[in-house]
Amino acid sequence: MIDGQLVDASDGGTSISRNPATKGILAEFAEATAADVDSAVAAARRAFEAGVWRAMSNDERGRVLWRVAELLERHQDELATMETLDQGQPLAMSREVNVPMAAQVFRYYAGWATKIEGKVSAVSAPNALHYTRREPVGVCALITPWNMPLAIAAWKIAPALAAGNTVVVKPAEQTPFTTVRLVQLCLEAGVPPGVVNVLTGGPDVGQALVAHTDVDKVSFTGSTEVGQQIGAVSAQTNLKKVSLELGGKAPSIITPEADIDAAVVGNLQGALFNTGQACGAYTRFFVHRTKADEFVSKISDAARSITIGPGMLEGNDLGPLISGEHLQRVTGYIDSGVEAGAELVLDGRLPKGDHLDEGWYLGPTVFTGVSDDMAIAQEEIFGPVLSIMTYDDIDEAVVRANDSRFGLAAVVWTRDLVVAHTLTERLRAGTVFVNQLPLIDPAGCWGGIGMSGWGREMGSFAIDEFTETKGVWIRTG
Ligand code: ADP
């Protein structure tokens, strides 16, 4: 989608996307070329310079974003079906969580369009007025992953547009369809042609966008390795602004005074949401030794009762993994845990049940006896694999929880207010949850420290990411 037109790739090239529940080809899409990248960036640049969007009144820009939210809701069933077929997640999740979340994000940022303000600064220079203006950064490349395609596209497009930028979106090659549909709905809502462009295709397209000297900013969600490349290439080309939301390895500390039943329910959902394909997924469980047996037995029993199957069939809690390659990768981590000496309490490899031989399925997998240096305790697995460890005192738990190159999310289970507040301060993560699932909300900041990335999404934080601050001096005497 370049300059408001759905077009073929300049060389006619296409790629395919598969349905992970059947492994069958779902549809073809255009594989953008370097020339298409140039055309899309040029369209975004023209739209930016012409001011068709940033010079529109703030009220009208807000109304257009609000209309996008309404259109997303009107097309909820269609988008949810598309997402489930392409990505695999249960229909209940795409319909009740992800599509509504995308609409909610647009509605939230519709409100921001009229609230992006500068301030008068307390300068000491005589006879001078100094104030700041918040201005759009310019042309933004938004590169998204396959785990929550529509929602993550919305997290980036909505604040970028609220701030007056123009964008080129590059969805993951595994899951391009809902993003293209979202951009069609943006146009239908009144976003002028050229303001939102989409390039479908693989890593080469992302790379060309990141290296493009007429792109002013990249906002990326994906793997840490690619995030590092993006940081390096952006610095070497034109020092474009970069925000990165990368991997995670969230620790979950279950204290002796926790409500164990609530911790079991919350941790299981936190670990298995989207079949564990979530950067905020709870993966490293530090359980106080006195509660370990109870926790392990209850969470394994609960995990055994999870229903696995095609997302399109109602009642399945867990859909397939995204691809055969990813299934192999996650299974490789399970094998490595076994080889390293961890005890497999529940083995999700080769799950049995209706339709499970047709797609890329893996059942919940629970390890105990995990030590901190094992790959399953250190690396992001991005699958339904739980590593349970025990601890004796809370200081030890905090040190071990912080012993990770990642720092996206962490969670504490306790009924002691002092422990809750002490740990929220001591845990090294962009977000700390207490007695909760890994929630994401348009008003709550989201992003990580360390190898989990740069910057924050959501709330006013995304507005900061998508604006530049300009200082203005006026001589008054
Ligand atoms: P995952 O490992 O979860 O597939 P990636 O980080 O490889 O995540 O991909 C996330 C997104 O980044 C996708 O849209 C992908 O096409 C894109 N991408 C992959 N490699 C690069 C790269 N070197 N530069 C820019 N974008 C890339």
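Side-chain atoms are counted along with the backbone in the values below, which use heavy atoms only and exclude waters and symmetry mates. Order of listing sets the numbers, starting from 1, for every ligand and every atom in it.
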Under the rule for side-chain contact (heavy atoms from CB on, under 4.5 Å), what residues qualify as partners of Glu78, not counting sequence neighbours?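 His75, Met82, Arg181.
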Is the closest basic N to carboxylate O distance between Glu188 and Arg74 below 4.0 Å? no
Ion pair Glu135/Arg54, N-O distance below 4.0 Å: no
Please report, to 0.1 Å, the donor-acceptor pairs under 3.5 Å made by any side chain of residues 440-450, with sequence neighbours excluded.
| unit_1 | atom_1 | unit_2 | atom_2 | d |
| --- | --- | --- | --- | --- |
| Asp441 | OD1 | Ala443 | N | 2.9 |
| Trp446 | NE1 | Glu245 | OE2 | 3.0 |

What does the contact table look like for ligand 1 (nitrogen or oxygen on each side, cut-off under 3.5 Å)?
| unit_1 | atom_1 | unit_2 | atom_2 | d |
| --- | --- | --- | --- | --- |
| ligand 1 | 3 (O) | Trp146 | NE1 | 3.4 |
| ligand 1 | 4 (O) | Trp146 | NE1 | 3.1 |
| ligand 1 | 6 (O) | Ser223 | N | 2.9 |
| ligand 1 | 6 (O) | Ser223 | OG | 2.7 |
| ligand 1 | 14 (O) | Thr144 | O | 2.8 |
| ligand 1 | 14 (O) | Lys170 | NZ | 3.0 |
| ligand 1 | 16 (O) | Lys170 | NZ | 2.6 |
| ligand 1 | 16 (O) | Glu173 | OE1 | 2.6 |
| ligand 1 | 23 (N) | Gln207 | NE2 | 3.3 |
| ligand 1 | 23 (N) | Gln229 | OE1 | 3.0 |

Check: Phe286 and Pro251 side chains under 4.5 Å, non-hydrogen atoms: yes
Keeping to residues at least two apart or across chains, list the side-chain hydrogen bond (donor to acceptor under 3.5 Å, both in side chains) pairs with something in residues 452-463.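 Qualifying pairs, neighbours excluded: Lys156-Glu457.
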